[in-house]
Q: 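Provided herewith is a single structure, encoded as structure tokens, for subsequent inquiry.
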Amino acid sequence: MKRIIGNWKMHKTVQETVHFLEHVLQRLSPEEVYLAVPFTAIKEAAAFGIHVGAQNVSHEPEGPFTGEISGRMLKDVGADFVLIGHSERRHIFQETDDMVHSKLLRAHQVGLKPILCVGEREGEDREAVLKRQLEHALKNCDEELALRLTIAYEPVWAIGTGKTATPEEAARAHAFCRNMIGSLFNKEIAAQIPLLYGGSVKSDNIVALLHQTEIQGALVGGASLDPKEFVKLVELSKSVV
Ligand code: PEP
């Protein structure tokens, strides 16, 4: 089954979240809905029985870190996964590879499933960036963490720009990530980790992307905000086997 995960970024109040879910759950079952919502909407979204994620987590467990949110707090309100290392965190908020690594460990420690985001900026050497980001993020991680991991390949130049990697280009990047994971862990683990593509995915390009066997789903920003478009994306993903 291909998986669609919405990333709402800094959009939607609690009431808007409830309206969205009332609409989409007329067409989809809660188990098919994966959304990374703002912190403030996690509890209400979780009450619908969907898979709810946060978009960030502190690498610290607790303490004097004004404005941060801990993994325990996220679990407490019903989050079951968390995006880590999204390009907006890396490039707007200067999250380093080391911070991404610490966040990954912290998320795993509290039982949040990590979705590790990786991807190159325009003009960067894709494979060099993917290698660096994956090696740093996953250094000294155990197999148990690896088996709970999802990786999202998101070329930064495709996020929110309307430009998408071609399905073949995305599949090559995914194959590269899978090989890297194989060398960091082993081939059996690499074969089990879902790899999602992200970057301007919409209902008119998702099918071609998901037809690539290397692509197990999509992380969707802008197009996940509209309930009709979100339902369409999930329904289209179900049509691809
Ligand atoms: C994202 O935020 O992860 C993303 C892929 O955004 P968009 O779909 O809007 O490009």
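Indexing begins at 1, ligand by ligand and atom by atom, following the structure's order. Because the structure is a prediction, the values reported are computed rather than measured.
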Q: Would a line drawn from the ring center of Phe20 to the ring center of Phe230 be shorter than 6.0 Å?
A: yes

Q: What is the nearest protein non-hydrogen atom to atom 8 (O) of ligand 1, stated with its residue, atom name and distance?
A: Gly221 N, 2.8 Å

Q: Taking 4.0 angstrom as the limit and counting only heavy atoms of Gly160, give me the atoms of ligand 1 inside it, by number and element.
A: 7 (P), 9 (O), 10 (O)

Q: Is there a side-chain contact between Leu225 and Trp8 (heavy atoms, below 4.5 Å)?
A: yes

Q: Going by the atom numbers of ligand 1, which of them fall below 4.0 Å from some non-hydrogen atom of Ala158?
A: 10 (O)

Q: Give the atom numbers and elements of ligand 1 that come within less than 4.0 Å of a heavy atom of Gly199.
A: 5 (C), 10 (O)

Q: Say whether Lys9, considering both its backbone and side-chain N or O atoms, lies within less than 3.5 Å of an N or O atom on ligand 1.
A: yes

Q: Going by the atom numbers of ligand 1, which of them fall below 4.0 Å from some non-hydrogen atom of Leu219?
A: 3 (O), 5 (C)

Q: Looking at Arg89, Lys103, Arg132, Lys139, which hits salt bridge (Lys or Arg N to Asp or Glu O under 4.0 Å) with Asp97?
A: Arg132

Q: In the protein, which heavy atom is nearest to atom 1 (C) of ligand 1, and how far is it?
A: His86 NE2, 3.2 Å

Q: Which atom names give the shortest non-hydrogen contact between Leu236 and Ser239, and what distance separates them?
A: O-OG, 2.5 Å

Q: Counting C-beta onward and ignoring hydrogens, is there a side-chain heavy-atom pair between Lys238 and Glu32 closer than 4.5 Å?
A: yes

Q: For atom 5 (C) of ligand 1, what is the closest protein heavy atom, and at what distance to 0.1 Å?
A: Glu154 OE2, 3.0 Å

Q: Show your working on side-chain contact (heavy atoms from CB on, under 4.5 Å) between His108 and Glu144 and close with a plain yes or no.
A: CA-CA 9 Å; His108 178 58; Glu144 193 191 313; 3.6 Å; yes

Q: Which atoms of ligand 1 are found less than 4.0 Å from any heavy atom of Asn7?
A: 1 (C), 2 (O), 3 (O)

Q: Show which atoms of ligand 1 fall inside a sub-4.0 Å distance from at least one heavy-atom site of Gly222.
A: 7 (P), 8 (O), 9 (O)

Q: On a heavy-atom basis, which atom in Leu233 and which in Lys202 lie closest, and how many Å separate them?
A: CD2-C, 3.5 Å

